[in-house]
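What follows is one structure encoded as structure tokens, with my remarks underneath.
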Amino acid sequence: MRRWRFPTLTVHHVDISTVAARNNTTLIPAAAQASLSVRVVPDQSLEDISQKLRVHVENVFEEIQAVRRSSGKSVLDDLKLHLDVHPNAQWWLADPDTRVYQAAARAIREEWQSAKASAESAEHVPLLIREGGSIPAVPWLEEFFSPDAVAVNLPMGQSSDNAHLDNERISLVNLVRGRQIVWRLLKDIDQTLNL
């Protein structure tokens, strides 16, 4: 549950500047860069988190330079720090009490129960998790079309799919079931909204 509902900071990429430094581990590179990703959660402000990260990195960089200067070593004196904040997405959290969300839960339940052909209770509710909530267009679309539209995230994968990583995949069973869930939802949605 920890990875689904808490903020994260991920280092995606670290690169050094020159081919010579890449090929010779005894060289100190002239420059380096890193790509970070921050996942915010409900009630966190992107602007606030970005500013706090920026201040933290600048403070650490300044502390390193101060230590080097006080020791009489000038190796880092010419280093510069440059930070860019690139596209970002506000957090989004679905409201499970909407009629559309309930219709989606019903479609998921019906599809997977028919797949298992089990005698599970019709009251069984799909597992609600907080993952994938930083899709840039979702909060904007929901706000733009409000109150006439609500967003619903229909995940079709599983934890072993390596989402957004090397060898990302989805099982064929989940893909087919996901298609059927969307079909069931679209079939039911008109009736649901016109209750």
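Residue numbers run from 1 in the order of the sequence given.
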remark   = In terms of heavy-atom contacts, Glu142 and Ala151 come closest through OE2-N, 2.8 Å

key: Smallest separation among heavy atoms of Ala94 and Tyr101, with atom names   = CB-CE1, 3.4 Å

ask   = More than 12 non-hydrogen atoms from neighbouring residues, nucleotides or ligands closer than 6.0 Å to CD on Gln44, yes or no?
value = yes

request  = Provide the closest heavy-atom pair for Leu154 versus Ala104 in the form atom of the first, atom of the second, distance.
outcome  = CD2-CB, 3.8 Å

key: More than 12 heavy atoms from other groups under 6.0 Å of NE2 on His56   = no

task = Give me the one residue out of Val85, Thr10, Val11 that meets side chain to side chain contact (heavy atoms under 4.5 Å, CB included) with Leu36.
result = Val11

query = Which pair of non-hydrogen atoms, one from Phe61 and one from Lys80, has the smallest distance, and what is that distance?
reply = CZ-C, 3.9 Å

query = Is any side-chain heavy atom of Arg179 closer than 4.5 Å to a side-chain heavy atom of Leu175?
reply = no

inquiry  = Are Glu58 and Leu83 packed together at the side-chain level, in the sense that at least one heavy-atom pair is separated by less than 4.5 angstrom?
reply    = yes

message = With a 4.5 Å cut-off on side-chain heavy atoms, are Val182 and Met156 touching?
response = yes

ask   = Side chains of Gln158 and Asp161: closer than 4.5 Å at any heavy-atom pair?
value = yes

task = Indicate if Val40 and Leu9 have the same hydrophobic cluster label, given that clusters are the connected sets of ILVMFWY residues with side-chain heavy-atom separations under 4.5 angstrom.
result = yes

note = dist Gln65:CD -> Leu81:CG (nearest 0.5 Å) comes out at 8.5 Å

